[in-house]
Amino acid sequence: MKKFIIGVFVLLSISACDPIEWLSGHQGQWYLKNSTEVPLEITCQRIREELDIIIPGDSILIFRSGRYLGDNEFPPFEDFLKLDSIYVYGTNGKKLCEWFLKNKEVEKRSVYEEKSWIHHKRHIAGPEYAFIWVFDIQNDDISTVNP
C-alpha cells in the first residue's frame, strides 16, 4: 500500500507541472554572413578561442540564447551584447576587421547596432520560435581595420 501511495504522489507531482512548457522555449540566434569575395576567419573571445572559417556566401552561428516558454518573453537583441568583441581575419592570418562593444558609437557600421542586422522569425515546433539575426560582413567592413 505504501508503494502505491508513493506512486500516486509521484504521478501527481509530474502532472502538476507542465514539463513541456519548461523544457522547450524560444531561441535567439545570431549569425555572421560572409558577403565578401574572400574566405574569412571569425573569432569571438568570450565564446571560444578557435577560429571559424566562413566561405563567401556562407554564415556562421556566433551566439545563441533562449527563453523558456513559461517566461513569456522572447530573446531580445540585447542578449547578443554579451559578446564584447568580434574579430575578422583573412585566411593568411591578417586582421581585417574588429568590432568592440565599447566602440559602437564611433564606428560607421557597427555589429552591435540592431539596425545593422536582418531579423527573421522562424517557427520551430508547437509554440516555439527562433528569432534569428543575420549580419552581412561586406567588403567595406574588411577593407580597413576599424579604430
Side-chain angles (χ1 to χ4, degrees), residues 7 9-147:
F9 280 124
V10 168
L11 288 175
L12 286 174
S13 298
I14 291 173
S15 65
C17 63
D18 187 1
I20 292 175
E21 187 166 308
W22 295 102
L23 294 177
S24 58
H26 302 296
Q27 297 177 18
Q29 301 170 358
W30 287 260
Y31 289 87
L32 292 181
K33 181 178 179 185
N34 184 353
S35 295
T36 69
E37 294 90 27
V38 296
L40 301 173
E41 295 181 355
I42 307 294
T43 186
C44 305
Q45 297 297 333
R46 281 202 140 170
I47 296 298
R48 56 184 174 268
E49 294 297 326
E50 74 266 10
L51 299 172
D52 291 308
I53 297 175
I54 312 174
I55 60 171
D58 203 0
S59 60
I60 188 169
L61 178 68
I62 61 165
F63 190 74
R64 174 179 292 182
S65 72
R67 295 287 191 278
Y68 291 117
L69 292 177
D71 286 348
N72 292 328
E73 183 182 327
F74 301 119
F77 179 78
E78 288 75 25
D79 282 0
F80 168 71
L81 299 182
K82 294 173 185 165
L83 286 181
D84 60 357
S85 61
I86 297 172
Y87 299 91
V88 180
Y89 297 91
T91 53
N92 60 359
K94 179 183 175 192
K95 188 187 302 181
L96 302 174
C97 181
E98 57 188 18
W99 285 289
F100 297 105
L101 179 58
K102 64 183 178 186
N103 293 343
K104 77 176 187 174
E105 302 300 324
V106 298
E107 294 172 337
K108 58 182 177 180
R109 190 173 100 89
S110 177
V111 74
Y112 294 104
E113 295 289 337
E114 186 173 3
K115 66 183 179 185
S116 301
W117 293 72
I118 300 168
H119 185 248
H120 303 280
K121 179 179 175 183
R122 185 185 60 164
H123 181 254
I124 299 174
E128 298 175 67
Y129 283 90
F131 297 87
I132 301 166
W133 286 269
V134 178
F135 183 85
D136 289 321
I137 300 174
Q138 301 170 353
N139 288 322
D140 290 343
D141 295 324
I142 63 170
S143 61
T144 59
V145 176
N146 292 328

Closest heavy-atom contact between Thr91 and Pro39? CG2-CB, 3.6 Å

Within a strict 4.5 Å, meaning less than it, do heavy atoms of the Cys97 and Gln138 side chains meet? no

Would you call the rings of Trp117 and Phe77 parallel, tilted or perpendicular if under 30° counts as parallel and over 60° as perpendicular? perpendicular

Run the side-chain contact (heavy atoms from CB on, under 4.5 Å) check on Leu96 and Thr36 step by step: do they pass? CA-CA 12 Å; Leu96 302 174; Thr36 69; over 6 Å; no

Check whether any side-chain heavy atom of Leu32 lies under 4.5 Å from a side-chain heavy atom of Ile86, and answer yes or no. yes

State, with a plain yes or no, whether a side-chain heavy atom of Val88 is found less than 4.5 Å away from one of Asp141. no

Looking only at non-hydrogen atoms, find the nearest pair between Ser116 and Ser110 and report the distance. OG-O, 3.1 Å

Please tell me whether Tyr112 and Phe80 form a close aromatic pair, meaning their ring centres lie under 6.0 Å apart. yes

Closest heavy-atom pair and its distance - Ala130, Gln29: CB-NE2, 4.3 Å

Test item: Asp136 side-chain N/O and Ser35 main-chain N/O as donor-acceptor pair under 3.5 Å: no

Taking the inter-plane angle between the rings of Phe131 and His26 on a 0 to 90° scale, is it parallel (under 30°), tilted (30 to 60°) or perpendicular (over 60°)? perpendicular

Among Asp79, Val134, Ile60, Leu83, find the one that has a side chain to side chain contact (heavy atoms under 4.5 Å, CB included) with Trp30. Asp79

CD1 of Ile137 to CH2 of Trp99, rounded to nearest 0.5 Å, is 5.0 Å

CG (Asn34) and CD1 (Ile53) are apart, to the nearest 0.5 Å, by 11.0 Å

List the steps, then state whether side-chain contact (heavy atoms from CB on, under 4.5 Å) holds for Arg122 with Ile132. CA-CA 8 Å; Arg122 185 185 60 164; Ile132 301 166; 4.1 Å; yes

Separation of Arg67 CZ from Gln27 CD (nearest 0.5 Å): 12.5 Å

In sequence, state the C-alpha distance, the side-chain angles, and the governing distance for Asn139 and Glu37, and then conclude on side-chain contact (heavy atoms from CB on, under 4.5 Å). CA-CA 8 Å; Asn139 288 322; Glu37 294 90 27; 3.0 Å; yes

Here the gap from Tyr89 atom OH to Leu40 atom CG, rounded to the nearest 0.5 Å, amounts to 12.5 Å

Hey, what do you get for CG (Leu81) to CZ (Phe63), rounding to the nearest 0.5 Å? 9.0 Å

For the atom pair CG (Asn92) and CD (Glu41), what is the distance rounded to the nearest 0.5 Å? 8.5 Å

